[in-house]
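None of these values were measured; they are calculated from a predicted model.
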Amino acid sequence: MADPKGFLTTGREVARTRPVGERVKDWNEVHVPGSLLPIISKQAGRCMDCGIPFCHNGCPLGNLIPEWNDYAYREDWRGASERLHATNNFPEFTGRLCPAPCESACVLGINQPAVTIKNVEVTIIDKAWDNGSVTPQPPERLSGKTVAVIGSGPAGLAAAQQLTRAGHTVAVYERADRIGGLLRYGIPEFKMEKRHINRRIEQMRAEGTKFRTEVEIGRDIDAAKLRKRYDAVVIAAGATTSRDLQVPGRDLKGIHFAMEYLPLANKVQEGDLTVSPISAEGKHVVVIGGGDTGADCVGTAHRQGAASVTQLEIMPKPGEERNPGQPWPTFPMLYKVTSAHEEGGERVYSVSTTHFEGDEDGNVQWLHLVEVEFKDGKLTQLPGTERRIPAQLVTLAMGFTGTDVKNGLVDQFGLELDARGNIARDADYRTNVPGVFVAGDAGRGQSLIVWAIAEGRSAARGVDRHLTGASTLPAPVRPTDRALTV
């Protein structure tokens, strides 16, 4: 155990963020560099080393949280890194991007603020990179087997790294011009600077993983030919089909999916563009969707100099504390103020868009909405609540409906889909096509980064068993496992 009295004597303290007026002028991460290190050992000491640590249940990766909390409390950063990497290939990603269901399941959180698990995690991995303890781990011998991984998001990268370390020759195919998937182009720089991806890719290259960018399976390479070329294939192409909003005026100029808007802003930071072709500068911006992707659009619009930013959510405003219907240790629906929301803008709940209105040139100018309520399981519009708000740039951030079926990948492989439009798989992540596996959002549907990494690790075990007859690789989750929610 770390500090036996830590949870009694030490209060919760989180990473400090830079002043709003400073950070909206750049794209660097919002937290004050180095602000965690002076406080994190005491924060780790709040961990109670529970007899049954429910944080393990909250995290699909099965992270050994009490163990690396103890190492962090004692400032044994190398030991902490070893325990952290035992279950997580990319803690620098999860420590910055995961909404931390482990903290919702923290036993201390029953009647006190939970342990700052996420902050401890990111401190451990940042120290590990600083002190040189993150090194390539190439396999001792090669199996002679080859694997293609389609998609370089967290699921694909996790599967690729596990299979490479198991001795297989792995090539990752990515249709974008850089490796990283949504980590690269869907996550704004102010949430995670892309240097974290770059150095992890270099580690994987040194281990033997091959990367092929600007190659879309289904369009540039026929999926059936790819299958013949490799002994096994892992599909980790994500759930990239955005949910649309079919209302009058949807075809007006200035209305874009979030995944059209955010990647261009990231390309500016990569140096590919001087100015984004879809910019919020000087415009009244409306973001439709109240989730993390919507918040990313809000923060991006602030940095581009929007005249105003309004975020719309069809659901009611959540409470700030757990209600009886969302008991511990479930992941509660709480009112969350992200760093982007701290920077300004208005959030409007319980509203639905009825139509858009444009100018004579076909540019969107107004968004018409109406207040709604859920009654008897149905969404009902409230008469007399209609109004319009200025909207010169609209981003649709309403989630994703499934994997891309238009590029030919599904048809060319001959893959079966489940009732939700995801690629169907069995308990070992195998599809209906021999030698073809699926991991991450392509098989699970839209989910969290921790689930993607956990699925990548689990699918790697299935592939390894398929290729060799047995496997010692871990499999933290089954395809049927779901988060503990209500």
Chemist: Have N28 and R23 got a donor and an acceptor in their side chains that come within less than 3.5 Å?
Modeler: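 Note: N28 and R23 side chains miss the donor-acceptor criterion.
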
Chemist: How are the rings of H466 and F437 set relative to one another: parallel (under 30°), tilted (30 to 60°) or perpendicular (over 60°)?
Modeler: perpendicular

Chemist: Between R444 and E455, is the closest basic N to carboxylate O distance under 4.0 Å?
Modeler: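 Here E455 pairs with R444 in a salt bridge, since their nearest N and O are under 4.0 Å apart.
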
Chemist: Is there a donor-acceptor pair closer than 3.5 Å between any side-chain N or O of D126 and the backbone N or O of T123?
Modeler: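 Not confirmed, D126 side chain does not pair with T123 backbone.
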
Chemist: What pairs with M315 under side chain to side chain contact (heavy atoms under 4.5 Å, CB included), at least two apart in sequence or on another chain?
Modeler: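 Partners of M315 under the side chain to side chain contact (heavy atoms under 4.5 Å, CB included) test: E313, F374.
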
Chemist: Tell me whether R175 is salt-bridged to D404, with the criterion being a basic N under 4.0 Å from an acidic carboxylate O.
Modeler: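 Yes, charged N to carboxylate O under 4.0 Å.
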
Chemist: Using 4.0 Å as the upper bound for N to carboxylate O, is an ion pair formed by D292 and K336?
Modeler: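 Yes, this pair counts.
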
Chemist: Per the side-chain contact (heavy atoms from CB on, under 4.5 Å) rule, which among I288, I314, V394 passes with T353?
Modeler: I288

Chemist: Within the distance-only criterion (no hydrogens, no angle test), does the side chain of S458 pair as donor or acceptor with the backbone N or O of V477 below 3.5 angstrom?
Modeler: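 At least one qualifying donor-acceptor pair exists.
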
Chemist: Locate the shortest heavy-atom distance separating G181 from S152; write the atom from each residue and the value.
Modeler: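 Closest approach of G181 to S152, heavy atoms only: N-OG, 3.4 Å.
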
Chemist: Can you check whether I187's main-chain N or O pairs, donor with acceptor, with D296's side chain at less than 3.5 Å?
Modeler: no

Chemist: Can you confirm whether the side chains of Q446 and D441 place a donor and an acceptor under 3.5 Å from each other?
Modeler: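 No - no donor-acceptor pair under 3.5 Å links their side chains.
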
Chemist: Has the side chain of K253 got a donor or acceptor atom that lies under 3.5 Å from a matching backbone atom of D361?
Modeler: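 Yes; at least one donor-acceptor contact below 3.5 Å.
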
Chemist: Tell me which one of V463, T164, D464 satisfies side-chain contact (heavy atoms from CB on, under 4.5 Å) with V147.
Modeler: V463

Chemist: Enter the distance from F356:CZ to D251:CG here, rounded to the nearest 0.5 Å.
Modeler: 10.5 Å

Chemist: Could you list the residues that satisfy side chain to side chain contact (heavy atoms under 4.5 Å, CB included) with P277, not counting sequence neighbours?
Modeler: L264, L273

Chemist: Quick test of your reading of the model: are R184 and E174 salt-bridged, counting only N-O distances below 4.0 Å?
Modeler: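 Between E174 and R184 there is no salt bridge, as every charged N stays at least 4.0 Å from the carboxylate O atoms.
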
Chemist: One pair to check against side chain to side chain contact (heavy atoms under 4.5 Å, CB included): T431 and V438. What are the steps and the verdict?
Modeler: CA-CA 7 Å; T431 69; V438 63; 4.0 Å; yes

Chemist: Just do the side chain to side chain contact (heavy atoms under 4.5 Å, CB included) check on Q365 and E357 with the steps written out, would you?
Modeler: CA-CA 6 Å; Q365 294 295 309; E357 179 184 342; 5.8 Å; no

Chemist: Determine, for R199 against E92, whether the closest basic-nitrogen to carboxylate-oxygen distance falls under 4.0 angstrom.
Modeler: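 Result for this pair is no, no salt bridge flagged.
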
Chemist: Got a sec, which pairs hit salt bridge (Lys or Arg N to Asp or Glu O under 4.0 Å) with one end in residues 219-241, sequence neighbours left out?
Modeler: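 For residues 219-241, and leaving out neighbouring residues, the salt bridge (Lys or Arg N to Asp or Glu O under 4.0 Å) pairs sorted by first residue read E216-R219.
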
Chemist: For the backbone of A105 and the side chain of W328, can you confirm whether one donor and one acceptor N or O come within less than 3.5 Å of each other?
Modeler: yes

Chemist: Would you check if the side chain of K194 reaches a backbone N or O of M192 as a donor-acceptor pair within less than 3.5 Å?
Modeler: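 Yes, K194 side chain to M192 backbone: donor-acceptor pair under 3.5 Å.
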
Chemist: Does E121 have any salt bridge (Lys or Arg N to Asp or Glu O under 4.0 Å) partners at least two apart in sequence or in another chain, and if so, which?
Modeler: none

Chemist: Could you tell me whether E270 and R178 make a salt bridge, using a distance below 4.0 angstrom between a side-chain N and a carboxylate O?
Modeler: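 R178 and E270: salt-bridged.
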
Chemist: Which residue pairs pass the side chain to side chain donor-acceptor pair (under 3.5 Å) test when at least one of the two sits in residues 273-288, sequence neighbours left out?
Modeler: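 Passing the test, one end in residues 273-288: H284-S308.
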
Chemist: If only atom types and distance count, is the side chain of R16 paired as donor or acceptor with the main-chain N or O of H31 below 3.5 Å?
Modeler: no

Chemist: Above 12 or not: heavy atoms from other molecules or residues under 6.0 Å from CE of M259?
Modeler: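 Enclosed.
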
Chemist: For the pair N323 (side chain) and Q326 (backbone), establish whether a donor and an acceptor sit closer than 3.5 Å, ignoring hydrogens and angles.
Modeler: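 Flag set: sc N323 to bb Q326 pair under 3.5 Å.
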
Chemist: Hey, does the side chain of R322 reach the backbone of T330 with a donor-acceptor pair shorter than 3.5 angstrom?
Modeler: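 Yes, because the side chain of R322 sits within donor-acceptor range (under 3.5 Å) of the backbone of T330.
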
Chemist: Going through the distances and angles, do Q161 and F90 end up as a side chain to side chain contact (heavy atoms under 4.5 Å, CB included)?
Modeler: CA-CA 10 Å; Q161 187 167 61; F90 315 118; 3.7 Å; yes

Chemist: Is R461 salt-bridged to D428, going by a charged N under 4.0 Å from an acidic O?
Modeler: no

Chemist: Please walk me through it: do L61 and I453 pass side chain to side chain contact (heavy atoms under 4.5 Å, CB included)?
Modeler: CA-CA 7 Å; L61 284 164; I453 296 174; 3.7 Å; yes

Chemist: Evaluate the criterion side chain to side chain donor-acceptor pair (under 3.5 Å) for residue pair Y349 and Q311; output intermediate values, then yes/no.
Modeler: CA-CA 9 Å; Y349 292 88; Q311 186 176 18; over 6 Å; no

Chemist: Classify the side-chain pair Q162/N89 by whether it contains a donor and acceptor separated by less than 3.5 Å.
Modeler: yes

Chemist: Output yes when D376 and K378 qualify as a salt bridge under the 4.0 Å nitrogen-oxygen rule, no when they do not.
Modeler: no

Chemist: Report the residues that fulfil side chain to side chain contact (heavy atoms under 4.5 Å, CB included) with V348, sequence neighbours left out, ordered by chain and then residue number.
Modeler: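 So V348 forms a side chain to side chain contact (heavy atoms under 4.5 Å, CB included) with T310, L312, E346, V351, R387.
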
Chemist: Is the Lys NZ or Arg CZ of R243 less than 6.0 Å from the centre of F400's six-membered ring, within 45° of the axis?
Modeler: no

Chemist: Determine whether the side chains of E214 and Y173 contain a donor N or O and an acceptor N or O closer than 3.5 Å.
Modeler: no

Chemist: Using only heavy-atom distances, determine whether the side chains of N422 and T403 contain a donor-acceptor pair under 3.5 Å.
Modeler: no

Chemist: If we count only N and O atoms by modelled type, under 3.5 Å, do the side chains of H368 and E386 hold a donor and an acceptor together?
Modeler: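 No, no side-chain donor-acceptor contact under 3.5 Å.
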
Chemist: Compute whether any side-chain donor of one residue and acceptor of the other, for H196 and E29, lie under 3.5 angstrom apart.
Modeler: yes

